[in-house]
Structures are given as structure tokens and as C-alpha cells.
Amino acid sequence: MPIRPIYGNWNSVDFLDKIDKYILCTMEEPWEIIKPKLSKFPIKTIFNKYMDINHLRLTYNNSEAIIEDSIAIVGIGGGTACDTAKYLTWKSKKQGHTDIDLILIPSIISVDAFLCSSIAVRDNNKVNYIGDSYPEKILIDYELIKSAPKFLNRAGVSDTISITSALGDWLISRKQTNERFDKTVFNEAKKIAIDLMDARNKIRDVSEEGIKALIEGFFREVDLCEKWGNARPEEGSEHFLAYCIESITHDHYIHGQLIGMNILISLYLQDKMAEFSIDEIRQFFSDIKLDISPQSNKIPLEVLREALNSVEKYVKNENLMYSIYNSPNLKLDDKKIDEIIQFIKTI
Ligand SMILES: [Zn+2]
């Protein structure tokens, strides 16, 4: 079970002023906001932008001299800052410094990295999970999160609302491959998505209640997947198409916007096996003011076409979980791809 986040206003500042020695992994934007409020400063501040494994090793080596037992490693920022802190803690422990506290303070909730114990690194442009790092504390500082651009915080919803297409993939796999299935887990996942949709106005406003709804959604989703043993209830074809697009362009996208667009494509392709309707999900994204169009994602339609052309092969080569892209009922020929492109232009 992930640990329960602690909510507050400027609780990050109160907390940091109380700890003795810490290394901080952060980004410029949140650090500019937090720094003037602190009366004590970190022994080292790391602004890391890359999760490439070689780069991370170098980052660790550059800090090794000051890493000792009883210090804390703090991540303040988005996914990369939190994952860098997770990596440094994991590596320090491996090197024998067992008494190091990991503290995660997301300044933006665009991805769920701060709640997941697994550390995602890039090795030759592929995402690899190298180990686990368990935080001592997760602090949710409303004031800090509210200072980030609203659309980025809203985009965080996609990593949980991806349940709506992941469930269709699960049903397809159950029918076609006899995959392990549990109605209680399935319904709990469905309930998480519905609860988020019920909180749409608060999420749109990124109010304290909206932030809490997003975090609670993450928490329940991460907890459910941990109990189930894999990400089946939350991750499916919408993520796989995103990985395929990234493997073609090597570009970075706003994860939630890209996943949002792909959820609609998945629901469209899942057709009668889809657990949620296209209209309700499209309406939800429109209500929370999250633009998920190909233009907002800066993905040219030719690239989307190329990805749709290769995604069936891609999921097999990468050994990804069975989804609509494995289904013998789906024929992604030129005609079908034209149809999807026409559809996606209307969202
Ligand atoms: Zn994701």
C-alpha cells in the first residue's frame, strides 16, 4: 500500500525547516517559490532533467561524497524531480547507507510518480523499472501545487481516467486469452474513474478539493494495482499507443494530454467491448478544460498515422499486455486508419 499523503498549506516549508540535513532534487519553478520562504537550506540542490540511467549514475557519483546515514533526500517537483530523488535514495541504500529518508513533495500533479514506489529510468530510450524506493513521507502542499499551470495539474487526471479504456482491454483479453479476472477489482477501478468524473468541476478549478480528488484517485489506483499485482486495471492500449508514438518521434509530450487523446482512440476501437462511452469521456475532458486534440499534443497527423500503422507490431515486440491492438477482430488497414484520423480530428 502506498503511504497516505499529508495535506496542508505551505506544509512543505514547515517540514523542510525542521529537518537537519537534506539533498534536494527539484526544478527551477517550484524552487523559486519555496526558497525565499525557507530559513534553512539543503546541503546540495540538484536540478536534474534526464532520467537516462547513465546520467543518473553520474548524478549519484557527483553527490556521493556528501551522502551519509541520517540525511534525507527530498524531491520537490514533477515526475523527474521525484524520480531522481527516488533513484538517489535507492542507490544510496544499495551502497550501504541504509538510514536515509526519502521525502516526496510534488509541486505539480501531472503524473503519479510520487505515489509509485517503482523507479522508471530510461535506458537506450526505453523505459525500464530498475527497483523500488519507498518514501518516508509524501507531502501535498496545496499552495505549491496551485502555483503550477492549471492545465498541467488537470492533465494528471489521465493517468487515472485511463482506467476507462484499460478496462475494455481487460475484457477483450479475458474473452480472447482467458486472462485472470476479478469482478471486485474491476468494479473498484470503475468506481475510481466515476468518482473522478463526479469531481469534474473541482478538477477544472484545481481547487483544494480538486487537488484532493486527483490525489485520492491516484492513491486508490496505485493501491489497487499493487494489490492486483500489475497495472492491468489502469494501463492498456492508451498507454501503449503513447509509447509507440514516443518510440517514433523520441519527443516528450505532456503525458496526460497524450493519454487523453489515446483513451478516445482506444474506446473507438474497442467499440462494443468498451466499458465507457466515447461521448462521456469526451464530455469529461471538455468539462475539465483539458485539450487533448492532436494539435494540443503537437503530434502531426502523419505521425499518428505512422504510429497506428506500426502499433500492432510494436505491442507484440515489446511484449506489452494483451489489448485491443492484439485482437484478431481489429484490422488496422489504411481504411481503418483513415477512419480513426477522421474521428480524432473531431475531438
Ligand atoms: Zn501514465
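Read the numbers this way: they start at 1 and go in the same order the structure lists the ligands and their atoms.
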Quiz item: Is Arg200 positioned over the aromatic face of Phe284, cation under 6.0 angstrom from the ring centre and no more than 45 degrees off axis?
Solution: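 No cation-pi geometry.
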Self-check item: Six-ring centre of Phe15, Lys137 cation under 6.0 angstrom, axis tolerance 45°
Solution: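 Lys137 over Phe15 ring: no.
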Exercise. If the plane angle is over 60° it's perpendicular, under 30° parallel, otherwise tilted; pick one for Tyr7 and Tyr142.
Key: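 Ring orientation, 0 to 90° scale: parallel.
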Quiz item: Do the ring planes of Phe186 and Trp170 sit parallel (below 30°), tilted (30 to 60°) or perpendicular (above 60°)?
Solution: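 Geometry flag for Trp170 against Phe186: tilted rings.
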Quiz item: Counting backbone and side-chain atoms alike, does Asp112 have an N/O/S atom under 2.8 Å from the Zn ion (ligand 1)?
Solution: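 So Asp112 does not bind the Zn ion (ligand 1) by this criterion.
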Quiz item: Which is the closest N/O/S atom of His239 when seen from the Zn ion (ligand 1)?
Solution: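 The Zn ion (ligand 1) is closest to the His239 atom NE2, counting only N, O or S.
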Quiz prompt | Shortest-distance N, O or S atom of Asp159 relative to the Zn ion (ligand 1) | solution =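 Sorting the N, O and S atoms of Asp159 by distance to the Zn ion (ligand 1) puts OD1 first.
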